[in-house]
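Down below is the structure, laid out as structure tokens.
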2 protein chains.
Amino acid sequence: MYSCRMAKSPSGTKGVPREEREAQILDIATEELGMHGYAHTSLTVVAQRAGISKPLIYMYFDSKDGLYLACLERAGDQIVEAVTAVQNGVALTRALDTVAAIFATLEPRRQDWAVLWDETLPPGSTVREAALQYRRKLIDLGSVGTHELLAARDNHDDLDASMMTEIWLNTVTTVVRWWLDHPEQDAATMTARCARLLAALQAG
Amino acid sequence: MYSCRMAKSPSGTKGVPREEREAQILDIATEELGMHGYAHTSLTVVAQRAGISKPLIYMYFDSKDGLYLACLERAGDQIVEAVTAVQNGVALTRALDTVAAIFATLEPRRQDWAVLWDETLPPGSTVREAALQYRRKLIDLGSVGTHELLAARDNHDDLDASMMTEIWLNTVTTVVRWWLDHPEQDAATMTARCARLLAALQAG
DNA sequence: CACGGAACTGATTCCTGGGTAAGTTACCCA
DNA sequence: TGGGTAACTTACCCAGGAATCAGTTCCGTG
């Protein structure tokens, strides 16, 4: 008999090494999670899209949570690293640098941000806690910027800073979501657009 | 026998007229939906919190969708009306007026905005479509403002305006969520805080 | 005082989706 | 050439939550 390929029997190996299969699953899962959110993502669909069966996913990722966490870690680590590397400019310039870095990092897989900022994670779940920890890192980075900006205006209200930090990160989230809805736009265009809008807001 | 109250038998009327009961259910449901989102709200919990049984909810609201839609309509109508009534100032003043109106309207039931902006609505569902229609109205109102603001800066890019409108509404959402996390703040304080932050951003 | 309707419930059904048990195929190597 | 292992599958279980059935109690009214 020839090796495989002949679709003779459904069971048995297809010759795809674990590592490769894992990467494939991860990519598809990220897309599904990014589009529909954790709550509305079904592993059955992920398996179908990957052309495999559900148990294989469980074999490699243990559970739905495990799969989400794998997507989250890949996304979170990459984003946090990229953003951290760019925190040196001053005030609003730094903000622009940050979004530029985010767009660049996200270019190959834009859904990563949506996975990180998934709003459908079950309240009190471990997946939510895990996502919050990654977000926390970004919040801490952003917090430096907002405190700085407000201090320069003689505003030292911590609650003001807290709210502004929240606004900042949700603005990034919104912009990335808008990007997902406009797939034809590239990273550079997005960065330029953000710069324009920021300037427009400032030109009081 | 005395009328009710005696907890003798579980079945039978408790003497609460339908209208009153409906209002009570609506309030509790709005809280649950606002806190956990549609996807993670269970009617069993709503019933328990109201001290009634699940079938009564179905009797009055037909389905989970029906209950959500009732909450949505009450919230949406009120918010849209309040915001519409305040669209007369110019540019950023109008933005401030709008958030002030929103805070004032939301004061008695802050979760209303979270119901309207629920991120856990199932993709493609009728509830989502309904919510989107209400959001659309707010987006159209906001759109006028952003186009105006950008035009004043000689920017006539529709995509810029589209993104900025999105940012605007998500900022409102973020601010209201922050408010939910800081229950001790009142509407007036929130308005003042927003004014301060806007000024800080502009003072380039 | 019967009776119709309004307010309500316990128990059940049904279905979706996460998770598992047990078995199948192919390849590698002693 | 026969085990051992890696890569798979079919068929199933089961919890939880939406939705429903078949009533029960109470009150107003002719």
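The basis for the numbers below is simple: all heavy atoms, side chains too, and nothing from hydrogens, waters or symmetry mates. Reminder, nothing fancy here: chain letters follow the sequence lines and each chain counts from 1.
- Between A:Glu19 atom CD and D:dA7 atom P there is a gap of 10 Å when expressed in whole angstrom units.
- A salt bridge is absent between B:Arg109 and B:Glu31: the closest approach of a Lys/Arg side-chain nitrogen to an acidic carboxylate oxygen does not fall below 4.0 angstrom.
- Looking at the side chain of B:Pro55, the nearest of the listed nucleotides C:dA7, C:dT9, C:dG19 is C:dT9.
- To the nearest angstrom, C1' of D:dC8 lies 17 Å from OH of A:Tyr58.
- Atom NE2 of B:His40 and atom P of D:dG16 are 15 Å apart (whole Å).
- The distance between atom CD of B:Gln48 and atom C1' of D:dG16, rounded to the nearest whole Å, is 13 Å.
- A donor-acceptor contact under 3.5 Å links the side chain of A:Lys54 to the base of C:dG18.
- One atom, CD1 of A:Ile52, and another, C1' of D:dT10, lie 15 Å apart when rounded to the nearest Å.
- The CE atom of B:Met59 sits 14 Å away from the P atom of C:dG10 (whole-angstrom rounding).
- Contact annotation for A:Ser42: backbone-only contact, meaning every heavy-atom pair under 4.0 Å involves sugar-phosphate atoms and none involves a base.
- As a whole-Å value, the separation of A:Asp62 CG from C:dG19 P is 10 Å.
- In this structure, the nucleotide among C:dG19, D:dT10, C:dA26 sitting nearest to the side chain of A:Lys64 is C:dG19.
- Applying the 4.0 Å criterion to OP1 and OP2 of D:dC8, one finds that A:Arg18 has every side-chain N and O outside that range.
- For B:Ser53, a side-chain nitrogen or oxygen approaches OP1 or OP2 of C:dT9 to under 4.0 Å.
- Using a 4.0 Å heavy-atom cutoff across all strands shown, B:Leu43 reaches sugar-phosphate atoms only and no base atom.
- Between A:Asp157 and B:Arg196 there is a salt bridge, with a side-chain nitrogen of the basic residue lying less than 4.0 Å from a carboxylate oxygen of the acidic one.
- The distance between atom CZ of A:Phe61 and atom P of C:dG19, rounded to the nearest whole Å, is 14 Å.
- Under the 4.0 Å criterion applied to side-chain N and carboxylate O atoms, A:Asp181 and A:Arg177 are not assigned as salt-bridge partners.
- Side-chain nitrogen and oxygen atoms of A:Arg21 include none within less than 4.0 Å of the OP1 or OP2 phosphate oxygen of D:dA7.
- Using a 4.0 Å heavy-atom criterion, one finds that B:Tyr60 contacts the sugar-phosphate atoms exclusively.
- For A:Lys14, no side-chain nitrogen or oxygen approaches OP1 or OP2 of D:dC8 to under 4.0 Å.
- Base pairing annotation: C:dA30 forms a Watson-Crick or G-U wobble pair with D:dT1, both donor-acceptor distances under 3.5 Å.
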Can you list the steps and then say if A:Trp168 with A:Thr146 is a side-chain hydrogen bond (donor to acceptor under 3.5 Å, both in side chains)? CA-CA 8 Å; A:Trp168 160 243; A:Thr146 51; over 6 Å; no

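- Neither side chain, A:Ser63 nor A:Asp65, offers a donor N or O lying under 3.5 Å from an acceptor on the other.
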